Amino acid sequence: MPNRIEVIIQPGLKDPAGEALRARLAEDLHIQIEDCRIVEVYTIDAVLSQDELETVCAELFTDPIIEVSAVNHSLARDFDYVIEVGFLPGVTDNVGKSSKEGIQDTLGRTLGEGEAVYKSRQFAIRGASLDMCEKIARRALANELIEQWCVKSAAEMSALDGKPLLGLPVVTQVSEAVVRNIDLEIADSALTALSREMMLALELHEMKAIQAHYRSELVRTRRAKLGLPNNPTDLEVEILAQTWSEHCKHKIFNATIDYTGPDGKTRTIDSVFKTYVKATTDEVAKHADWLVSVFHDNAGIIEFDADHYFALKAETHNSPSALDPYGGAMTGIVGVNRDILGAGLGCQCIFNTDVFCFASPFFDGSIPDRLLHPRRVLRGVHAGVKDGGNQSGIPDINGAIVFHERFLGKPLVFCGTGGLIPKTVGGQPSHLKQARPGDCAVMAGGRIGKDGIHGATFSSEELHEGSPATAVQIGDPITQKKMADFLLEARDLGMYSCITDCGAGGLSSSIGEMAEKPGGVAIHLDRAPLKYAGLAPWEIFLSEAQERMTLAVPPEKMAAFTDLARRREVEVTALGEFTDSGYLECFYEGKLIASLDMEFLHDGVPKMQLEARWNPPALTPETVGERGDLTADLKAVLASLNVCSKESFVRMYDTEVLAQSVLKQFQGIANDGPGDAAVIRPIQGSDRGLAVSNGICPKYSDIDVYHMMACAIDEAVRNLVAVGAKLGTIAGLDNFCWPDPVQSEKTPDGSHKLAQLVRACEALYDVCTAYGIPLISGKDSMKNDYKIGDTKISIPPTVLFTAAAVMDDVTKAVSMDAKSAGDVVYVLGETRDELGGSEYLALKGQLGVHVPQVHVEQAKALYTRLSSAIEAGLVASCHDCSDGGLAVALAESAFAGGLGIDVELGALGLDSPVSALFSESQSRFVVTVSPGKVQAFEAQLAGSAFCKLGLTTAASDVTVRWKGEPLVHAPLADLKSAWKKTLQW
Amino acid sequence: MKTNALILTGFGINCDGETAKAFVRAGAGADRMHLNDIAEAPSCLDRYQMLAVPGGFSFGDDIASGRILANRLRHKLGGPLKKFVQDGKLIIGICNGFQVLVKMGILPLFEGEFKQEVTLAWNNSCRFENRWVNLKVDAQTQCVWLKGMDTLEVPVRHGEGKFMTRDTATMDRLRAQGQIALRYADAAGVLANGVFPANPNGAEDDIAGICDPSGRIFGLMPHPEAHVDATNHPQWTRKGLSGEGAGLQVFRNAVEYAETHLV
């Protein structure tokens, strides 16, 4: 019988967690409760004496200053109902695991393999009915995909008298370790059905390619000799499906596309990846000598300084975050961290970035089946990224939260990470790595469970009724941190020859890829350490259980590697060895159960043939009202979801760990003005640094994705330029998130969505080659749709453009806040009548037509001149003009600096003051310059469009005039509070 | 003669790199060492005059922040650490390190025995708070690490930083023995008086850091190792700050004390 330890804050003391929950219930569910106290419950399923129980209860689980505790006795008092929430069997229980370690330390003995501690939590609620409590449990406390819960009345609780409320979450349901043969000699319709049933996410022509392979005489003869059946084993089919998934193979980006563009002409594009993405980098690389490794590693790698390389990567984790926002987002951030840890011979992570896309948290319509309210998604995703990043000790330095109604169908969760590595580690060049035949194939880190099975194929489909709950994982950042610390030590000791992330597709994917160079691998799946017994061999190979890396360790170094791992309490296991056999072979208890031709595995997937046809959207030209006072409009734009302050979320990230911060997310006199790019100094004692930014603007996609893409790149670039980075030093990453662009019954507009993809890629090439930005890595996620019953929601085509630049001297960086009264206020760049897709029009319920366009040659000239002015120390503040236009940039510079601004916009030469204020024309900045530097500044900018608008003032208000007449007049405090209040949670 | 600092690593500690760098910039040698390596050969502590338990998320803050690491240190290194203290050496615990020192009872060390007397509880906001704070050094403090300092600006980054005592007697004793080292204040150096966000967590008496009666053992929630360059300061572009950051003085004080008294 397991024992329960309960811990509660002493009566009479404040319970901050209970109070925070009470406030959240009122805010999110509009449920008012009187009181909530939290009881922490540790269920100890281990043989402990009564004395031992009392000891660990007092010494380990209880804070003697503020808590009280009890063994097998309920502590909840003065409540109407108790809700208890615990995990379902097999779900990662980090607290339970740490508690077991703590018990072992306290008792000085090791607990058995099957002995465990399970964490759950009680909420003792006063002032709520049974119905309300059930609603609270379901909608605020528990996610039924990973958690179990119950509600008990006071009478039931006293009858239970300290006995367990929930079942013990022990995994009892086990698969048999059998290998099935999959009969592919079936009709086409049956093949399609088989793909769906097995969650393979393979199209018929792909199933047929596998069928054909297994029919070939050569293959059959070889298999007969090996004792393998003619048909593939389940493991072989699963490996092929993972390797050939959209997620891993990017089939759409590599497809042959017949494209008919807006000009009506048709041409054939052989892979948009090759034609646009890779071509961009090839073109730029002719003039950039700082590219080290692009496209073929886990992350892009460039030069940082004479002794270090810099690696950058961003990933999405959209589908898992839709089902379990917290776990999905956490595995997103710790997953991209592993990409950096697996780049080259292993980089140290030095920063994270995060960009989220949600529907409005104030959405009040009905929520379709299987979806969660956007408010819950926002809270969960944020908490997952916060815990994942903070616990890993990696500062979060830049990000955004973007809102659009169609992200209801799938939230987008972009997580990025940068890393640094010395150019030589363990005596080897750090950017080169290769497994060699004879090297041990090693798995390091966490154990394997059923979590995350079919993650790669699941994210290659729309979210549907059958989307598996097993695709959901919870991260364990501390296990990963221990592993990362250990691997960096092992790296410096030269203990391994190759390393890669074990992420989507699990071992199947990481070992399969690493085996490409040596030309084969032999794996013994029964050697893999499991979280619990009873996984089928294919599950072992495909599980995406987190916190794992795959390595190639030379056999002569294996003993030292294993010993270091033991001392660092990291589990490492040699699963087999790399070979040059030409085959990926898997064994289970000595028996061969998979033998796949490496060439067929990696190159056998048939190329997709797709059609793309541009279908011009029907747009209504914008109508803007009469001129007049626009103060109220400005406040409304400042308060809009896409513009408003996200400070209450950012404050919960650790942004300062590693002590490298130079420009932070929030700046100015009260540390609350919105910064543009982040700047860090990663190596103390050197002034060299990195600037990091993001650009994303899906709101323009419904007008024209070409300009959406161009604007996203320009936004990222001008953020960098605003802080003092220069063109020619900027590297980019493209993360595409698209609705399904393959024409089919369920996607009747697929060919248009594919044409949108082509146009976005054209813009990517045009703008990046003009700006000289190589794309050093990227990723695409192509099935961001929701479809259940008749309800279909497709996200707006979205690209996150992440940009980073190496800066020679971070002490020249410029922040966005106005600095002194009497400084001259300029807008740099040309303001055009481009209200299409703007925040202003969105407030008026319009989309408009005149989407902002990027004029690359003008922009490039301006950026170069502005960089020189910043380097010469001529600029007091610089802020990019972005969502909300000039009006928002002026207001933000003013209130961040705590200074008034008095400006006149008539000289901009526009017909409408609304456009002057709110047009979102690209490549513009609001700059302030001290009077003594005005002449030099203007000389430096000569040749580019700029306009002197007025002055900063000691008065505490913002005044904007239009041909002499007041357009906006408001106290700074009002504007700031409008901007801050919307998401001040 | 050069002094040396030992920086504890492992299990989710994550400020070990910058803490080591701060000691180096203050003139000491600094070695990062995994807890298991120290436990295997505790005599290595003899080589060091200073010990730092850095910030981080040891064991993920599971059960309570610092609890499991404190428990492990007590059981695996209790004796050697007691000797380190008795030898008159210096210890600093920053953020998670402070939580560890408090929970294993190295602070406030009223009777020379390791016993938990105070705690660091969940912030009143029940949130992880990352913000820069103004700190005021207590005029009566014995703290060696804060010698000659009056105010300090550094960031806090914690969820469980609310300093709490069991009773007023404990608080009186801390005050009487000069053990209150640092308090949260406003930009003018006036104490925060419990008001958020100047006091970011609701700490009793605005307490941000305490020391043992000798002043050699120091624990604080804010991060002095995160303000080593002026450019770390959130307003360096407004105030024209350059050069070294104010947090480095904390480490310089320790190194100077160690150079004078411990070698």
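Here is the naming used below: chain letters follow the sequence lines, and residue numbers restart at 1 for every chain. Please read these numbers as outputs of a predicted model, since none were measured by experiment.
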Practice task
Examine whether an atom of A/Thr62 lies under 4.5 Å from a heavy atom of chain B, and if so say whether it belongs to the side chain, the backbone or both; otherwise answer neither.
Solution key: backbone
Fill in the blank from the handout: If one checks every heavy atom of B/Asp229 against chain A at 4.5 Å, the contacting part turns out to be side chain
Practice task
Against chain B, label A/Ile394 side chain, backbone, both or neither, depending on which of its atoms sit under 4.5 Å from a heavy atom there.
Solution key: neither
Handout entry: Interchain contact, B/Ser58 with chain A, by part (heavy-atom threshold 4.5 Å)
Key = neither
Practice task
Report the residue from B/Lys239, B/Arg238, B/Glu244 that forms a side chain to side chain contact (heavy atoms under 4.5 Å, CB included) with B/Leu241.
Solution key: B/Lys239
Practice task
Verify whether one side chain among A/Thr952 and A/Thr928 offers a donor that lies under 3.5 Å from an acceptor in the other.
Solution key: no
Exercise for the section: Heavy-atom distances under 4.5 Å only: say whether B/Asn123 touches chain A with side chain, backbone, both or neither. Expected result: backbone
Practice task
Say whether, by atom type as modelled, one donor and one acceptor occur between the side chain of A/His879 and the main chain of A/Asp817 under 3.5 angstrom.
Solution key: no
Exercise for the section: Tell me, for B/His233 versus chain A, whether the close heavy atoms (under 4.5 Å) come from the side chain, the backbone, both or neither. Expected result: backbone
Problem - B/Thr165 and B/Glu204: side chain donor to acceptor below 3.5 Å - result: yes
Exercise for the section: Just say parallel, tilted or perpendicular for the rings of B/Phe57 and B/Phe128, cut-offs at 30° and 60°. Expected result: parallel
Handout entry: Charged tip of B/Arg25 within 45° of B/Phe251 ring normal and under 6.0 Å
Key = no
Practice task
Report yes or no: is the cationic atom of B/Arg74 (NZ for Lys, CZ for Arg) under 6.0 Å from the centre of the six-membered ring of B/Phe114, at an angle within 45° of the ring normal?
Solution key: no
Practice task
Identify which of A/Lys481, A/Glu40, A/Gln391 forms the greatest number of heavy-atom pairs closer than 4.5 Å to chain B.
Solution key: A/Gln391
Fill in the blank from the handout: For B/Phe98 and B/Leu120 the tightest heavy-atom approach is CD2-CD1, 3.6 Å
Practice task
Return the option, out of A/Asn671, A/Thr106, A/Asp485, with the maximum number of heavy-atom pairs under 4.5 Å with chain B.
Solution key: A/Thr106
Problem - Heavy-atom proximity to chain A below 4.5 Å, by part of B/Pro155 - result: side chain
Handout entry: Contact class of A/Ala383 relative to chain B, heavy atoms under 4.5 angstrom
Key = neither
Handout entry: Heavy-atom pairs under 4.5 Å with chain B, option from A/Gly668, A/Ala876, A/Ala17 with the top count
Key = A/Gly668
Exercise for the section: Check each atom of A/Val810 against the heavy atoms of chain B and say whether the ones under 4.5 Å are side chain, backbone, both or neither. Expected result: backbone
Practice task
Could you tell me which of B/Ile68, B/Thr19, B/Thr170, B/Leu69 has the largest number of non-hydrogen atom pairs under 4.5 Å with chain A?
Solution key: B/Ile68
Practice task
Name the member of B/Glu117, B/Lys162, B/Arg166, B/Arg127 that forms the most heavy-atom pairs with chain A at distances under 4.5 Å.
Solution key: B/Arg127
Problem - Contact origin within A/Pro64 toward chain B - heavy atom pairs under 4.5 Å - result: both
Problem - Interatomic spacing from CG in B/Leu6 to CG in B/Asp31 - rounded to 0.5 Å - result: 7.0 Å
Problem - chain B contact via A/Tyr42 - which portion, at a heavy-atom distance below 4.5 Å - result: side chain
Handout entry: Under 4.5 Å from any heavy atom of chain A - which part of B/Glu40
Key = side chain
Exercise for the section: Tell me the residues of residues 654-664 of chain A whose non-hydrogen atoms fall below 4.5 Å from those of chain B, in number order. Expected result: A/Asp654, A/Thr655, A/Glu656, A/Val657, A/Leu658, A/Ala659, A/Gln660, A/Ser661, A/Val662, A/Leu663, A/Lys664
Handout entry: Residue selection (most heavy-atom pairs with chain A, distance under 4.5 Å) from B/Asp16, B/Asn96, B/Asp37
Key = B/Asp37
Practice task
Compute whether any side-chain donor of one residue and acceptor of the other, for A/Asn337 and A/Asn352, lie under 3.5 angstrom apart.
Solution key: yes
Problem - side chain to side chain contact (heavy atoms under 4.5 Å, CB included) between B/Met171 and B/Ile207, worked out - result: CA-CA 10 Å; B/Met171 184 62 89; B/Ile207 292 172; 3.8 Å; yes
Handout entry: Among the listed options B/Asp61, B/Val118, B/Val228, the residue most often paired with chain A at heavy-atom distances under 4.5 Å
Key = B/Val118
Handout entry: B/Asp62 side-chain N/O to A/Ser98 backbone N/O, donor-acceptor pair under 3.5 Å
Key = no
Practice task
Look at the side chain of B/Arg67 and the backbone N and O of A/Leu60, then say whether any donor-acceptor pair between them is shorter than 3.5 Å.
Solution key: yes
Handout entry: Smallest separation among heavy atoms of A/Ser69 and A/Val7, with atom names
Key = CB-CG2, 4.0 Å
Handout entry: Atom group of A/Arg568 that falls short of 4.5 Å from chain B, counting heavy atoms
Key = both
Practice task
Would you mind telling me which of A/Lys97, A/Gln684, A/Lys482 has the largest number of heavy-atom pairs within less than 4.5 Å of chain B?
Solution key: A/Gln684
Practice task
Could you have a look at A/Asp387, A/Asn390, A/Asn94 and say which one has the most heavy-atom pairs with chain B under 4.5 angstrom?
Solution key: A/Asn390
Fill in the blank from the handout: Okay, B/Leu35 and chain A: the region with an atom under 4.5 Å from a heavy atom over there is neither
Practice task
Sort out for me which of A/Ser815, A/Ala20, A/Ala484 touches chain B most, counting heavy-atom pairs under 4.5 Å.
Solution key: A/Ser815
Problem - Side chain, backbone, both or neither of B/Gln116 within contact of chain A (heavy atoms, under 4.5 Å) - result: both
Exercise for the section: State, without any angle test, whether B/Gln99 and B/Ser65 hold a side-chain donor-acceptor pair at a distance under 3.5 Å. Expected result: yes
Practice task
Would you kindly say whether A/Ser686 and A/Arg681 are connected by a side-chain donor-acceptor distance under 3.5 Å?
Solution key: no
Problem - Interface moiety of B/Arg157 toward chain A, non-hydrogen atoms closer than 4.5 Å - result: side chain
Problem - Interface moiety of A/Asp15 toward chain B, non-hydrogen atoms closer than 4.5 Å - result: neither
Exercise for the section: Using only heavy-atom distances, determine whether the side chains of B/Asn71 and A/Glu59 contain a donor-acceptor pair under 3.5 Å. Expected result: no
Handout entry: Under 3.5 Å: donor-acceptor pair, side chain of B/Glu160, backbone of B/Ala64
Key = no
Practice task
For A/Gln665 and A/Asp396, indicate whether the former's side chain and the latter's backbone hold a donor-acceptor pair under 3.5 Å.
Solution key: yes
